[in-house]
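Notes follow once the structure below has been shown.
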Amino acid sequence: MIAFVSGPVAALAPDTAVVEVGGVGMALQCTPNTLATLRVGQQAKLATSLVVREDSLTLYGFADDDEKQVFELLQTANGVGPRLAQAVLSVHTPDALRRAFASGDEKALTAVPGIGKKGAQKLLIELKDRLGAPVGSAPAVGAPVTAGWRDQLHAALIGLGYATREADEAVSAVAPQAEAAASPNIGALLKAALQTLNRAR
């Protein structure tokens, strides 16, 4: 069991980070939120979960142990595999997920690609009392939009190898989406920004 990997980030892709460990490049499947915290050439320590299949070994990487534990707990529900669990964490932080389960918020779960209304109801029943209470405090009602989303998104795009000008243009392109959200999701914004850059190329 590989509990974590630590070393310099060798490469970044839209859904993968490669961390060099003892001269070996370990490829980790990561959420956009986790990738946004990484920079090529800088040291990183990621909690990991190894998923073993008959034809593959896939290592998933997480910003912290809490995210890893939620990833593994989600998979204890019927019909939830690692890809869907990662999709959930691409849309919601662990605490946002706990709040959704505590309040029975179906809409929060159906916002995840691959989860419909019935699937959301089923998950709420199976996992409601298993995720626990939110660890951090909930954002205050009416709190201003996080000012740092531009910097985080810009840094993530630079880390993926885009030029400063391209990153600037992509940040500007998704600004309306970010400003319309009560709490901008860096992962979702990164996906949208990458789509605009791919269309431009």
Side-chain angles (χ1 to χ4, degrees), residues 1-6 9 12-17 19 26-38 44-53 56-140 143 146 148-149 152-153 156 181-191:
M1 179 66 182
I2 302 171
F4 68 88
V5 298
S6 180
V9 178
L12 291 170
D15 60 357
T16 310
V19 178
M26 306 282 282
L28 295 91
Q29 298 289 314
C30 302
T31 66
N33 288 332
T34 297
L35 290 169
T37 67
L38 305 176
K45 182 177 180 180
L46 297 175
T48 58
S49 180
L50 181 63
V51 175
V52 180
R53 294 286 184 265
S56 67
L57 293 173
T58 307
L59 201 57
Y60 289 82
F62 308 94
D64 55 39
D65 285 328
D66 187 34
E67 191 177 50
K68 170 187 173 178
Q69 288 165 7
V70 171
F71 171 81
E72 293 177 344
L73 185 59
L74 285 168
Q75 292 177 74
T76 64
N78 287 328
V80 179
R83 288 190 179 278
L84 185 56
Q86 188 179 46
V88 172
L89 288 167
S90 294
V91 176
H92 299 295
T93 64
D95 267 0
L97 202 56
R98 290 186 181 101
R99 285 191 287 272
F101 274 91
S103 62
D105 188 352
E106 282 182 24
K107 284 187 177 179
L109 294 179
T110 55
V112 177
I115 297 181
K117 186 177 175 64
K118 286 185 178 179
Q121 292 172 341
K122 188 174 162 190
L123 281 175
L124 286 171
I125 292 169
E126 286 193 50
L127 298 176
K128 183 171 184 179
D129 299 321
R130 300 179 62 191
L131 284 174
V135 176
S137 57
T146 306
W149 72 264
Q152 289 181 49
L153 181 58
S183 178
N185 181 298
I186 297 297
L189 292 176
L190 181 57
K191 283 183 180 178

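Sequence positions, counted from 1, serve as the residue numbers for this chain.
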Show your reasoning for whether side-chain contact (heavy atoms from CB on, under 4.5 Å) applies to Phe4 and Leu46. CA-CA 5 Å; Phe4 68 88; Leu46 297 175; over 6 Å; no
Check side-chain hydrogen bond (donor to acceptor under 3.5 Å, both in side chains) between Thr34 and all other residues, then give those that pass, not counting sequence neighbours.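 Thr34 satisfies side-chain hydrogen bond (donor to acceptor under 3.5 Å, both in side chains) with Thr31, Glu67 only.
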Check side-chain hydrogen bond (donor to acceptor under 3.5 Å, both in side chains) between Gln86 and all other residues, then give those that pass, not counting sequence neighbours. none
Just by distance, do the side chain of Thr48 and the backbone of Ile2 share a donor-acceptor pair under 3.5 Å?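 Yes.
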May I ask you to decide if Asn78's main-chain N or O and Glu126's side chain share a donor-acceptor pair within less than 3.5 Å? yes
What are the two closest non-hydrogen atoms of [X] and [Y], and how far apart are they?
X      : Y      : result
Phe62  : Leu89  : CE2-CD1, 4.5 Å
Ala87  : Pro113 : CB-O, 4.4 Å
Ala100 : Ala108 : CB-CB, 3.8 Å
Leu38  : Ala44  : CD2-CB, 3.7 Å
Pro94  : Asp66  : CB-OD2, 3.4 Å
Asn33  : Ser90  : ND2-O, 4.0 Å

Side-chain contact test, heavy atoms from C-beta onward, threshold under 4.5 Å: evaluate it for [X] versus [Y] and give yes or no.
X     : Y      : value
Gln29 : Thr16  : yes
Thr58 : Pro82  : no
Asp95 : Arg98  : yes
Val91 : Leu109 : no

Enter the distance from [X]:[atom1] to [Y]:[atom2] here, rounded to the nearest 0.5 Å.
X      : Y      : atom1 : atom2 : answer
Lys117 : Lys107 : NZ    : NZ    : 9.0 Å
Ser6   : Met26  : OG    : CE    : 11.5 Å
Lys191 : Leu189 : NZ    : CG    : 11.5 Å
Thr110 : Leu123 : OG1   : CG    : 11.0 Å
Leu74  : Arg130 : CG    : CZ    : 10.0 Å
Arg99  : Asp105 : CZ    : CG    : 11.0 Å

Pairing of Asp65 and Lys68 as salt bridge, 4.0 angstrom limit: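 Salt bridge flag = no for Lys68 with Asp65.
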